[in-house]
Every structure is written in C-alpha cells, then in structure tokens.
Student: 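Here's a structure for you.
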Amino acid sequence: MVEAQTVQTDTEYYDIVIVGGGMVGISLALLLAHQQHSWKILLLEAQAFQAADKFEYRPSFDARSTAVSWSSRKIFEASQLWDALQSHASPIHHIHVSDRGHLGLTRIDAAEAGVDALGYVIENSWMGRVLMERLAASDVEVVAPARVASMTPLKQGMSIALDDSERNIHAALVVIADGAQSQTAQKMGIQSNTQPYGQQGIIANIAVEKPHDGTAYERFTEQGPMAMLPLPDFEGSARCALVWTKPNEVAEQLMAATDDAFLQLLQDSFGYRLGQLQKVGTRHSYPLALTTASEQVRRNLVVLGNAAHSLHPVAGQGFNLSLRDVAVLAEVLGKARLQGVDFASLDVLQRYQSRQLRDQQNTLLFSDGLPKLFAKASSTVAFGRNAGLLMMDLSPGLRAGFAQFGMGMVAKEAEHG
Ligand SMILES: Cc1cc2nc3c(=O)[nH]c(=O)nc-3n(C[C@H](O)[C@H](O)[C@H](O)COP(=O)(O)OP(=O)(O)OC[C@H]3O[C@@H](n4cnc5c(N)ncnc54)[C@H](O)[C@@H]3O)c2cc1C
C-alpha cells in the first residue's frame, strides 16, 4: 500500500475516528469520552441516527434483547451508564441447562456464584436509547449517515475520505467497528474469514403462562441450541426472549409457519417448564457464522466488535466479549495518553491485543464448541455430555466455573491470577 506523505491544509484532525455506530462503536466512544483525556473523537455511521430527544423508548412485545453479562455490568457501572440501563433490565438469577432427549441437566445459581445476578437481559431499544442520549450529551462528534470511501495510511495517522462529502479527515487512530464482513476492513486489505454454521438464529418474544422467576433456559437439541431468556413482564404477562438455532431449511419453514404452528413446535421442543406458551411476537432470523478478521491491529488501526469476531449467539457472548475488548482498549489508550506516548503506535495497540487474546480465544472456542458438542448424536458423545452436565450438577466447583465463564470473568481471573 502506498503511503501518502502530506495532508491538505483544510484537513480536520481527530485523535480517534470510529467507523460504525452500532452498540460497540458507541460504547467505545462513550468510554473514551468518560475518561476526560480531552479525546477529539469522530463517529461515522452509515445509517441516519434518530435524534436522541426523538428516540422514544416504548416497551413493545416485539422488542429485541441482549443478554448482558456481569462483567459488562461492571464496565457500564465504571462509565456511569449502568444506573440508566438497569432500570429496564431483567436480572438472570438462575441458568437452567438441559439436553433434549437425554438425562443431563444442571442449574446454576447467582447466589452460589456469589453475585446478585448471573447477567441481565436488556431490550436493544432501551440500550439504544441510553447510549444515544449519552452520546448526544458527550463531546463526541457524530456524522450519520456517512460512509468511508477510502482510507490512506500517512506517515503519521490516516487520511479518510467520505462518500458524497468534500471533508478531508485525518485520524491518529481509526477504529473499524462496522460489523461482520466489514467493508472498511476489506478496503484496508484485512480479510474476514467466515465459517458458516448452515444454521439460522430465530429470535422472537414469547408470552408464557408461568412466571420465569429470573431463569434463563439453555436447551440443547441435535438440531441446535435454544435459549429462553427472562424479560420484564409486559401488559401483565410473563415474557421470554427466544433465540432458537435451526438448520437453514428448518429455520425457513419455522419463519413461514403460522403463529399457532410455530408456538406448538416450540412447545414440543421446549416442554412445559413455563406452562403453556401463549403468544409469539414478530420473528426475525439471522444466518449464523463464525467470522474473524485476519488482523485486529496495525499502526493507527484497530478492528473491533463484530468486525473483529462475530460469534454463534448460543451463549450470548458476542457483545459481552466486544465490550471487554472496548474496556481494555480504552484503558490502554488512556494510559498511553497520560504517559505522553503515541497511543496509535503498533506497540501500544499490540498491548491491547495481547491483553485480550486469551479472552477472545476462550470465548470463541466456547461459543463455537458448545453447539457442536451438543449437536453430535453418537451415544458416546451423548454419554460424555450428559455425564458432564450431571457432574456439573453435583460439583459446585465445576458449576461455578461455568457460571464464571457466562459472566465473562474467567479470562480476567486467569490474567490476574
Ligand atoms: C440472534 C442474535 C442474538 C444475539 N444475542 C446476544 C446476546 O444475548 N448477548 C451478546 O453479548 N451478544 C449477542 N449477540 C451478538 C451481538 O448482537 C453483536 O455482538 C453486536 O451486535 C455487535 O455489535 P457491533 O457494533 O460490532 O456491530 P453491528 O451491530 O453490526 O453494528 C455495526 C454498525 O456499523 C454501521 N456500518 C456498516 N457499514 C458501515 C460503513 N461502511 N461506514 C460506517 N458505518 C457502517 C452499521 O450501520 C451498524 O450500525 C447476538 C447476535 C445475534 C445474531
């Protein structure tokens, strides 16, 4: 790649330009703004943002949700976002893991793990509202809609040109957070390695007869895992957020089925732990793949969020892992700024990457391996996984380990221990 030597005189200078205003890009912008290191930040988002004062939060039966881990709560607390987020969060007090058609079953309790909750389920519309409000109140400059036309490495920093804009932007550091199969990363010669699972994740909200009691159900079947996550009640009815993984052709049939037929098939698969399943909201389906970027850091460049790693949603780890990446990146950048070191140097950015490497590898292995293990029908494997689940039920240590992983703490402990 050719390095341009100069920048033009009408150039606008930023410390950090974030490409992509999804949950990850905005979270990074807010964590950096909260540091009060006077970062000059520009956030570029391809879609038009709704103005924060017009961004109404209306609870709805069709809302989509994210399971947020205990470690994510800690990160949001440190950046003073948690108080607002938790006002519409549903705590997970128990996780109930079962294997359809087999014996194994285990239950993980928050009290046993020594925490108030194993995680929280937050509607994306609420999370969006809180993040957008804070963004509007921060010093972060936002351009939306905006698309990067080209990025050119300079002797120092990067030059960025936008589609349909005359602006000449210079960034000391560019953070690419524009989602899986990142077009911006591809422009820089960074490839996305994609391994499709041949499955789709169907999500929908389900009204259930019995209270869920803060229990998240993870059920493994040979066709793929299913999660029913506790949501706040809506219009007097208990509600769960369903994430149902199915092979592509089955998922298409389920998407085309009537609500009644869908509910009946779900009931047959999930059973009656929550009584009769009563109503299903709008269904959405997502093709599932493990996607990883061929590089995550270069001098003046970081790839983050789904653009860096996009995971199977079985364990609800994608956003949580990315938020841990965001927190460590913000900390490393902040420290370099304080020390007067070039925060966009390869040396500093590799410090971020080496701190997160283990966490990323563990989370990828867990999210990729779990559905594959449970998909295997052979009796030996079935015995192994059932024995594992039963042992987990008998052994508080093992169960606590699984809970710690779900809470996003294992890698942190390994790092400090
Ligand atoms: C069914 C399902 C359930 C899930 N459940 C959970 C869960 O419970 N817990 C969890 O932790 N994770 C979960 N995840 C994962 C989570 O949704 C992702 O990790 C998270 O959304 C990634 O956010 P992101 O900001 O990196 O990417 P995105 O959400 O894809 O955002 C990228 C942003 O970049 C913008 N953009 C794209 N191209 C450009 C461009 N050229 N220039 C500028 N902007 C651009 C897009 O408009 C978008 O706003 C789930 C995923 C799925 C599919």
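Start at 1 and go down the list; that is how both ligands and their atoms are numbered. Sequence positions, counted from 1, serve as the residue numbers for this chain.
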Student: Does some non-hydrogen atom of the protein lie less than 4.0 angstrom from atom 26 (O) of ligand 1?
Tutor: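 So far as the 4.0 Å threshold goes, atom 26 (O) of ligand 1 is in reach of a protein heavy atom.
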Student: From L333 CG over to L28 CG, what is the distance, rounded to the nearest 0.5 angstrom?
Tutor: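 Output value for this atom pair is 7.5 Å.
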Student: Could you tell me whether atom 36 (N) of ligand 1 has at least one protein heavy atom nearer than 4.0 Å?
Tutor: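 There is a protein heavy atom less than 4.0 Å from atom 36 (N) of ligand 1.
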Student: Distance only, no hydrogens: is a donor on one side chain within 3.5 Å (strictly under) of an acceptor on the other, for Q317 and T363?
Tutor: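 Absent: no donor and acceptor within the cut-off.
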Student: Examine the side chains of Q360 and Q296 and answer whether a donor and an acceptor come within less than 3.5 Å of each other.
Tutor: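 Side chains of Q360 and Q296: pair found under 3.5 Å.
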Student: Using a 4.0 Å cut-off to any heavy atom of T66, which atoms of ligand 1 qualify?
Tutor: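 Answer, ordered by atom number: 7 (C), 8 (O), 9 (N), 10 (C).
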Student: Just which atoms of ligand 1 are under 4.0 Å from any heavy atom in V19?
Tutor: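 Near V19, the atoms of ligand 1 are 42 (N), 43 (C).
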Student: Please name all residues satisfying side-chain contact (heavy atoms from CB on, under 4.5 Å) with A137, sequence neighbours left out, ordered by chain then number.
Tutor: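 By the side-chain contact (heavy atoms from CB on, under 4.5 Å) rule, A137 matches no residue at all.
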Student: List ligand 1 atoms under 4.0 Å from T184, heavy atoms only on the residue side.
Tutor: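 Here the atoms of ligand 1 in question are 41 (N).
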Student: Considering only the protein, which heavy-atom contact is closest to atom 21 (O) of ligand 1, and what is its distance?
Tutor: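 Protein heavy atom at minimum distance: M23 CE, 3.9 Å.
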Student: So which bit of A67 gets within less than 4.0 Å of ligand 1, heavy atoms only: side chain, backbone, both or neither?
Tutor: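 Both backbone and side chain.
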Student: Could you tell me the residue and atom name of the protein heavy atom closest to atom 44 (N) of ligand 1, and the distance to it rounded to 0.1 Å?
Tutor: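 Looking only at protein heavy atoms, the one closest to atom 44 (N) of ligand 1 is A46 N, 3.1 Å.
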Student: Within the 4.0 Å heavy-atom shell around V24, which atoms of ligand 1 are there?
Tutor: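 The list of qualifying atoms is 23 (O), 24 (P), 25 (O), 26 (O).
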Student: What atoms of ligand 1 come within less than 4.0 Å of a heavy atom belonging to G305?
Tutor: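 Per the distance check, 26 (O).
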Student: Taking the six-membered ring for Trp, are W70 and Y120 parallel (under 30°), tilted (30 to 60°) or perpendicular (over 60°)?
Tutor: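 Parallel.
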Student: Locate the shortest heavy-atom distance separating V24 from S322; write the atom from each residue and the value.
Tutor: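 Minimum heavy-atom contact is CG2-CB, 3.6 Å.
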Student: Looking only at protein heavy atoms, which one is nearest to atom 29 (O) of ligand 1, and how far off is it?
Tutor: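 Of the protein heavy atoms, G22 CA, 4.4 Å lies nearest.
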Student: Please report the shortest heavy-atom distance between S38 and D15, naming the atom on each side.
Tutor: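 Heavy atoms of S38 and D15 come nearest at O-OD2, 3.9 Å.
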Student: Which residue from W244, F319, Y286 reaches closest to atom 53 (C) of ligand 1 through any of its heavy atoms?
Tutor: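 When every heavy atom of W244, F319, Y286 is considered, Y286 comes closest to atom 53 (C) of ligand 1.
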Student: What class does the angle between the rings of H284 and Y286 fall in, given that below 30° is parallel, 30 to 60° is tilted and above 60° is perpendicular?
Tutor: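 Tilted.
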Student: Report the nearest protein non-hydrogen atom to atom 28 (P) of ligand 1: residue, atom name, distance rounded to 0.1 Å.
Tutor: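 The closest one turns out to be G179 CA, 4.3 Å.
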Student: Under the 3.5 angstrom rule, does the side chain of H170 hit a backbone N or O of Q156 as a donor-acceptor pair?
Tutor: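 Side chain of H170 to backbone of Q156: a pair is present.
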Student: Rounded to the nearest 0.5 Å, how far does NE2 of H88 lie from CG of L231?
Tutor: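 One gets 13.0 Å once the value is rounded to the nearest 0.5 Å.
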Student: Between T194 and Q181, do the side chains contain a donor N or O and an acceptor N or O under 3.5 Å apart?
Tutor: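 Judged by distance alone, the side chains do pair up.
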Student: Given Q47, E45, Q200, which has its nearest heavy atom closest to atom 46 (C) of ligand 1?
Tutor: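 When every heavy atom of Q47, E45, Q200 is considered, E45 comes closest to atom 46 (C) of ligand 1.
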Student: Give a yes-or-no answer on whether the side chains of D359 and Q356 include a donor-acceptor pair shorter than 3.5 Å.
Tutor: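 Result is yes, a qualifying pair exists.
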Student: Between I203 and ligand 1, find which residue part has any heavy-atom pair under 4.0 Å and reply side chain, backbone, both or neither.
Tutor: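 I203 to ligand 1: side-chain contact only, backbone stays beyond 4.0 Å.
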Student: Which heavy atom of the protein is the closest neighbour of atom 39 (C) of ligand 1, given with residue, atom name and distance?
Tutor: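 The closest heavy atom on the protein side is D178 CB, 3.5 Å.
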Student: Is there a heavy atom of S322 sitting under 4.0 angstrom from any atom of ligand 1?
Tutor: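 Contact absent.
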Student: In the protein, which heavy atom is nearest to atom 2 (C) of ligand 1, and how far is it?
Tutor: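 Checked against all protein heavy atoms, atom 2 (C) of ligand 1 sits closest to P313 CB, 3.7 Å.
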Student: Which part of A307 is near ligand 1, with near meaning a heavy atom under 4.0 Å away: side chain, backbone, both or neither?
Tutor: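 Under 4.0 Å from ligand 1, A307 contributes no heavy atoms.
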Student: Specify the protein heavy atom at minimum distance from atom 41 (N) of ligand 1: its residue, its atom name, and the distance to 0.1 Å.
Tutor: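 Result for atom 41 (N) of ligand 1: R147 NH1, 3.3 Å.
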Student: Would you say atom 5 (N) of ligand 1 touches the protein, meaning some protein heavy atom is under 4.0 Å from it?
Tutor: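 No, there is no protein heavy atom closer to it than 4.0 Å.
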Student: Can you report which non-hydrogen protein atom sits closest to atom 18 (C) of ligand 1, along with the distance?
Tutor: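 Protein heavy atom at minimum distance: N306 OD1, 3.6 Å.
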Student: So, Q264 and D268: side-chain donor and acceptor under 3.5 Å apart, yes or no?
Tutor: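 Yes, D268 and Q264 have a side-chain donor paired with an acceptor closer than 3.5 Å.
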Student: Does L44 approach ligand 1 within less than 4.0 angstrom via side chain, backbone, both or neither, non-hydrogen atoms only?
Tutor: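 Contact part for L44 vs ligand 1: backbone (N, CA, C, O).
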Student: Could you tell me if R273 sits above the aromatic ring of Y217, with its cationic atom closer than 6.0 Å to the ring centre and no more than 45 degrees from the axis?
Tutor: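 No cation-pi geometry.
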Student: How does A146 reach ligand 1, by side chain, by backbone, by both or by neither, if only non-hydrogen atoms under 4.0 Å count?
Tutor: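 Within the 4.0 Å criterion, A146 contacts ligand 1 through backbone atoms alone.
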